[in-house]
Q: 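Below you'll find the structure I mean.
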There are 4 protein chains.
Amino acid sequence: MIVITKNNLPEERLNEIVAFIERRDGMQAHISKGTDRTVIGIIGQADPQLGEQLKSMQGVENVIKISKSYKLASRDFHPDDTIIDIKGVKIGGSNVVVMGGPCAVESPEQIDEIARLVKAAGGQVLRGGAFKPRTGPYSFQGVGVEGLVMMAEAGRKHGLLTITEVMTPEYVDVCAEYADILQVGTRNMQNFDLLRKLGTIKTPVLLKRGFSATYDEFLNAAEYILAGGNPNVMLCERGIRTFETYTRNTLDLSAIPVLQSLSHLPVISDPSHGTGRRELVEPMSKASLAAGANGLIIEMHTDPDNSMTGDGVQSLFPDQFAALLKDLEKLAPLVGKQFNTEKQPQEAFATWKK
Amino acid sequence: MIVITKNNLPEERLNEIVAFIERRDGMQAHISKGTDRTVIGIIGQADPQLGEQLKSMQGVENVIKISKSYKLASRDFHPDDTIIDIKGVKIGGSNVVVMGGPCAVESPEQIDEIARLVKAAGGQVLRGGAFKPRTGPYSFQGVGVEGLVMMAEAGRKHGLLTITEVMTPEYVDVCAEYADILQVGTRNMQNFDLLRKLGTIKTPVLLKRGFSATYDEFLNAAEYILAGGNPNVMLCERGIRTFETYTRNTLDLSAIPVLQSLSHLPVISDPSHGTGRRELVEPMSKASLAAGANGLIIEMHTDPDNSMTGDGVQSLFPDQFAALLKDLEKLAPLVGKQFNTEKQPQEAFATWKK
Amino acid sequence: MIVITKNNLPEERLNEIVAFIERRDGMQAHISKGTDRTVIGIIGQADPQLGEQLKSMQGVENVIKISKSYKLASRDFHPDDTIIDIKGVKIGGSNVVVMGGPCAVESPEQIDEIARLVKAAGGQVLRGGAFKPRTGPYSFQGVGVEGLVMMAEAGRKHGLLTITEVMTPEYVDVCAEYADILQVGTRNMQNFDLLRKLGTIKTPVLLKRGFSATYDEFLNAAEYILAGGNPNVMLCERGIRTFETYTRNTLDLSAIPVLQSLSHLPVISDPSHGTGRRELVEPMSKASLAAGANGLIIEMHTDPDNSMTGDGVQSLFPDQFAALLKDLEKLAPLVGKQFNTEKQPQEAFATWKK
Amino acid sequence: MIVITKNNLPEERLNEIVAFIERRDGMQAHISKGTDRTVIGIIGQADPQLGEQLKSMQGVENVIKISKSYKLASRDFHPDDTIIDIKGVKIGGSNVVVMGGPCAVESPEQIDEIARLVKAAGGQVLRGGAFKPRTGPYSFQGVGVEGLVMMAEAGRKHGLLTITEVMTPEYVDVCAEYADILQVGTRNMQNFDLLRKLGTIKTPVLLKRGFSATYDEFLNAAEYILAGGNPNVMLCERGIRTFETYTRNTLDLSAIPVLQSLSHLPVISDPSHGTGRRELVEPMSKASLAAGANGLIIEMHTDPDNSMTGDGVQSLFPDQFAALLKDLEKLAPLVGKQFNTEKQPQEAFATWKK
């Protein structure tokens with residue numbers, strides 16, 4: 001941590017700041033006097049709170065953190081890639097995972113038919129929302145717990161893992177009962193009570209980046225889950241909000257290699273929400289894989305005209321989904337990845353849960 | 001609602017879209033054929049879901065909403081200003097309310113002393129966080145329920161209303177037991193389960209704008225609370241995230257007149273979080289009032305050097321706070337507002353709660 | 001300047017970096033070794049190029065500038081407010097200047113009538129574009145040099161200074177021949193050849209902030225003009241581009257006190273372009289003054305229905321303009337400013353130019 | 001074009017607006033009355049100015065353009081891909097072009113050595129700046145015309161096309177004399193006088209997207225050049241400014257398929273400026289190609305420690321550049337593209353210019 005003082009700081013105040021630092025165990029302040037400013041380097045394992053307090057002190061212009069504020073999520077702390085194994089499906093490292101399905105679970109028939117098509121195309125995970133976060137209170141809010149049952153059953157029948165969104169701490173347990181992976185949506189990335197609750201279980205979590213979250217905030221959000229004791233976290237880039245409105249969001253593909261260098265956690269890309277437009281899902285899926293993504297989560301619907309959430313506009317048709325997966329399979333080896341389909345033992349799916 | 005079709009849409013598909021619309025009760029499609037595109041105007045009370053579904057249909061280029069997706073929050077629906085009366089303190093209309101206090105409640109002595117100073121300066125509401133939303137899990141997370149008690153006691157003693165942040169549905173009841181106003185923080189503006197829970201009580205809510213939320217999303221978030229049955233909602237502009245990093249956020253003062261024209265709810269400004277810099281709080285408080293704000297929420301601390309959250313950097317000193325309130329009192333009449341201090345009956349504060 | 005090295009930098013590389021720094025005259029490197037990183041403080045007057053080169057070096061993680069990259073624009077260098085005196089109209093310090101007029105000069109009658117109204121309302125400067133920067137090539141591009149003549153004549157007749165936009169170096173001289181102040185538009189803030197050319201004359205320049213420029217870039221753009229030898233620069237906040245599309249731009253009023261603390265140059269606010277909506281011009285003008293603006297530039301049109309640029313949507317009607325100026329005059333003393341009208345000697349306007 | 005009126009517009013005003021529209025030749029207004037608003041569809045070839053004027057009219061809430069404001073740049077107007085052939089190097093369609101070289105030309109030896117390496121690796125165009133746009137006036141501004149000569153000579157010797165940035169209309173002719181392609185930098189995307197001047201010549205132009213420009217503004221900027229008579233325009237995505245500061249910009253790869261669908265012009269990606277970090281250039285180059293880019297412009301430097309602009313931090317080393325091109329060559333066929341190296345007749349490069 002480096003403290004930059006204000007111009008021409010009185011000696012006395014400098015001494016107070018130094019004393020404030022050195023009052024901590026094992027902390028040393030190292031002073032460099034420049035022409036008009038003094039810089040204090042802090043040596044020792046600084047807690048984040050110290051930085052915050054220093055920033056508030058009079059005479060301090062700025063505090064620059066050198067060390068990262070997250071630890072368990074950091075590659076410095078855990079140099080090897082985290083590989084999460086769920087019923088034999090490996091996520092992370094050189095494996096490419098594809099999650100596909102509708103925005104919302106609508107009926108047993110709908111989700112069963114889509115599951116069949118996801119499996120046939122080579123996908124490994126069935127996505128579908130039972131609880132939907134909606135901008136306004138009058139929009140369709142999802143079918144609720146019943147949807148969890150429908151999806152679990154479709155996953156079991158077709159040999160697919162399932163992923164669904166959980167929006168509030170009190171629903172974590174029921175969602176974890178039915179789904180293999182719990183998704184935290186973009187608006188909940190900093191719902192800290194939800195993150196804390198997810199830290200108390202072991203069910204893998206796909207944490208979506210807040211649509212205006214920095215990489216640092218994103219990894220700190222993951223840290224909440226990891227610090228609670230759940231090591232099974234995947235990061236998901238799903239587009240950020242910018243001034244450009246032609247696309248629903250701006251899919252920030254640089255996030256993929258950046259997050260992979262800062263962290264050991266798998267990074268999944270969501271080109272459906274990241275673009276909001278069906279015709280962009282194919283090129284941006286390929287681009288995501290080329291940028292090094294560990295997997296993709298893609299919306300697919302058999303009847304987008306009658307989807308209940310309006311996200312049909314970004315859903316692939318089943319044939320587009322299947323064709324895309326074929327192309328991705330060819331692309332994977334060129335970036336040192338493999339696209340394993342049908343490798344998981346089918347008996348793992350005999351019941352709903354692990 | 002207006003539907004714009006894709007270039008050279010086949011007649012057959014146009015008919016399908018029209019049929020899809022007119023299948024709804026009381027809906028009519030009104031067709032305008034242009035040189036290469038057809039525009040369908042929809043007449044009737046459209047539900048938001050229809051728009052979303054239309055957007056997903058093939059052959060549709062875009063759907064433009066003419067009516068707003070929120071209703072109870074809209075000034076069209078409720079032309080007069082909402083004025084919230086809490087123990088005689090009026091918020092909304094031509095009244096100016098000032099809320100002051102520390103970022104976090106730290107100790108009974110700290111909050112008592114600050115409450116005394118807020119009251120002496122002419123403030124009407126004591127702010128203070130007992131539960132703190134923090135970017136990382138290792139930062140100070142607030143003193144919890146004990147803090148609620150300390151603050152309630154300080155409010156009672158000095159005749160101040162109290163406001164505190166609630167972060168999760170399960171804490172709404174306990175927070176409402178101790179505080180007069182519940183605050184929803186910027187990261188929770190779209191925590192829909194929290195909003196729904198707040199709709200089930202009557203305690204006034206100060207809803208902070210998400211740091212990347214549009215006005216439309218902000219008013220839709222308020223709509224969740226109103227639609228649940230709680231009419232006592234205040235909106236709070238607290239800065240948005242932009243490319244500029246010199247200020248912690250960019251305080252969007254245009255939001256004040258815009259929200260006041262779109263909605264009847266009071267609009268409060270938060271220049272402390274909106275700028276993140278002590279020296280900007282004074283000019284931006286004045287600017288907020290000049291732009292028409294119904295009140296201000298301002299951080300003030302007696303000892304920012306030793307504040308526990310690092311937000312001391314944006315806290316006014318007590319003398320700055322008092323001087324600012326004097327200036328604001330003079331400014332108010334020039335924008336048709338009055339700055340009433342000491343008008344509330346002191347017996348209202350004899351106990352903690354309403 | 002501070003150099004932060006990468007984790008566990010080999011000693012040898014550290015020495016190379018230090019040698020690279022100390023090769024410069026009067027530069028010293030001051031080394032602080034932390035647990036896993038080394039920080040090098042550079043003492044001496046660093047040129048910006050050194051920072052850029054260091055940033056490119058292998059083994060360097062980051063370079064943090066402590067000193068500002070601009071000098072002549074900085075308040076450190078010039079502690080007193082710059083006050084620009086044009087024909088007796090003072091801009092800067094405690095004076096409030098109001099510039100009003102149409103987006104574009106359209107005809108001699110139009111500009112004459114508007115000039116009369118600006119003067120009558122108490123404005124001191126007539127604005128109007130002769131050359132218009134337009135997003136597309138098929139939009140109205142302004143009436144050109146003829147417009148300069150029309151505006152100069154209207155200014156002379158009514159005793160108003162004139163301001164007009166110049167878009168390219170080759171038109172600087174002709175614009176300076178007719179107008180009292182030259183405006184650099186938001187899209188040209190980093191048109192460095194234009195800035196350099198403006199540095200070679202003495203005509204005052206109103207430099208608009210690029211709609212996505214940081215304060216630092218803005219002041220560096222001003223530095224180009226100042227460094228060329230023209231000290232008469234005013235800064236103009238005119239709104240930045242954000243995700244919010246309800247307003248044309250987000251008027252960043254924090255920019256006013258920030259720029260006034262970083263720089264000695266006058267800061268003018270443009271609520272017309274900053275909001276793009278007529279009904280927001282009044283509250284945001286008042287807010288700008290309350291935030292400490294040294295003046296305002298406001299669009300006003302007698303017949304917005306028939307304005308040629310479409311900016312009529314943000315133009316005040318003459319009666320609104322007059323009423324606003326009356327209110328601003330009352331507001332000014334509350335923020336330590338005065339609103340002098342009619343103070344300039346009329347003979348100064350007997351001819352077009354100074 | 002669609003005009004949406006304000007709530008409860010008086011009949012009389014509606015008639016005035018309709019009359020205003022129908023006064024134009026061949027324009028018809030088509031009225032749809034909704035519950036509380038009237039929508040006017042305009043049929044006929046609307047000029048952009050009409051839309052702007054309507055937007056300014058009282059009683060008009062909003063004007064929505066259905067047709068695009070650009071024409072020559074639009075794929076509607078020109079369905080086939082534009083393929084620009086320069087000395088046998090084809091840019092556009094299924095061809096992949098790679099442009100490589102230093103940020104700035106520094107010396108004859110530097111540019112000659114880099115040209116040799118670009119050619120050896122399979123690149124077809126040598127990039128290098130002679131005139132550099134720099135944020136501050138005290139940074140290195142480029143070596144000027146001499147640099148053009150050095151680069152032209154290096155291009156000739158090694159059989160490479162050359163591209164260099166032009167910053168102001170008066171330098172267009174001299175830059176076009178020496179270079180095969182002229183680059184318009186991000187800060188000049190809306191330097192309309194520069195664009196107009198480039199429309200008067202035939203030298204191909206690489207137009208970089210403004211760092212905060214929408215797709216629509218970008219294509220309108222291209223339209224300026226096309227409308228002037230120069231059909232040889234390439235678009236370049238080079239990153240946009242967002243709240244994320246870890247990367248220098250956010251490379252918006254969705255821009256590639258979007259621009260290719262809206263326009264027939266080739267789209268080049270610049271992962272060097274788009275990320276500002278050497279280690280991200282490789283993954284983002286691959287991602288760009290996978291997203292369908294028609295080419296890449298990549299910074300490469302033999303000695304980034306001593307580069308003069310500080311952009312060394314984003315420059316590849318020669319071996320990295322060569323390895324990347326090998327990988328890209330394998331990737332191209334998977335997205336229907338080919339990566340032709342060494343196809344151009346060497347005699348074309350016997351002299352400097354076409």
Side-chain angles (χ1 to χ4, degrees), chain A residues 1-9 18 21 26-47 51 60-68 71 74-77 79 186 210-213 216 239-250 258 261-262, chain C residues 1-9 18 21 26-47 51 60-68 71 74-77 79 186 210-213 216 239-250 258 261-262:
Chain A
M1 193 143 45
I2 292 172
V3 178
I4 299 168
T5 66
K6 291 204 188 289
N7 253 0
N8 307 316
L9 185 73
V18 167
I21 293 164
M27 294 280 158
Q28 272 180 55
H30 187 118
I31 297 172
S32 296
K33 295 206 179 182
T35 329
D36 47 21
R37 255 164 243 259
T38 297
V39 171
I40 309 172
I42 301 181
I43 296 162
Q45 183 64 29
D47 63 313
V60 171
E61 170 109 352
N62 207 356
V63 174
I64 294 155
K65 287 183 218 159
I66 308 284
S67 305
K68 300 179 181 88
K71 187 183 159 198
S74 166
R75 199 175 271 280
D76 294 347
F77 171 79
T186 187
F211 58 72
S212 287
D216 190 74
I240 56 173
R241 181 162 280 183
T242 68
F243 59 83
E244 179 60 71
T245 57
Y246 184 93
T247 45
R248 182 166 165 180
N249 293 285
T250 296
V258 169
S261 77
L262 296 175
Chain C
M1 194 143 43
I2 292 172
V3 178
I4 299 167
T5 66
K6 292 203 187 289
N7 252 1
N8 307 314
L9 184 74
V18 167
I21 293 164
M27 294 282 158
Q28 271 180 55
H30 186 118
I31 296 173
S32 295
K33 293 204 180 185
T35 330
D36 48 21
R37 255 163 243 259
T38 297
V39 172
I40 310 171
I42 301 181
I43 296 162
Q45 182 64 28
D47 63 312
V60 171
E61 171 110 350
N62 207 356
V63 174
I64 295 155
K65 288 183 218 160
I66 308 284
S67 306
K68 301 179 181 89
K71 188 183 157 197
S74 166
R75 199 174 271 279
D76 294 346
F77 171 79
T186 186
F211 58 73
S212 288
D216 190 73
I240 57 173
R241 181 163 279 184
T242 68
F243 60 84
E244 179 59 71
T245 57
Y246 185 93
T247 44
R248 182 168 165 179
N249 293 285
T250 296
V258 169
S261 76
L262 297 175

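By convention in this document, chain letters (A, B, ...) are assigned in the order of the sequence lines, proteins followed by strands, and residues within each chain are numbered from 1.
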Q: Considering only heavy atoms, which portion of S212(C) lies under 4.5 Å from any heavy atom of chain A: side chain, backbone, both, or neither?
A: neither
Q: Supply the atom-to-atom distance H30(C) NE2 to H30(A) NE2, rounded to the nearest 0.5 angstrom.
A: 4.0 Å
Q: Might you confirm whether atom CD of Q28(A) has over 12 heavy atoms from other residues, nucleotides or ligands at distances under 6.0 Å?
A: no
Q: For I40(C), which atoms come within 4.5 Å of any heavy atom of chain A: side chain, backbone, both, or neither?
A: neither
Q: What part of D76(A) gets within 4.5 angstrom of chain C, counting heavy atoms only: side chain, backbone, both, or neither?
A: side chain
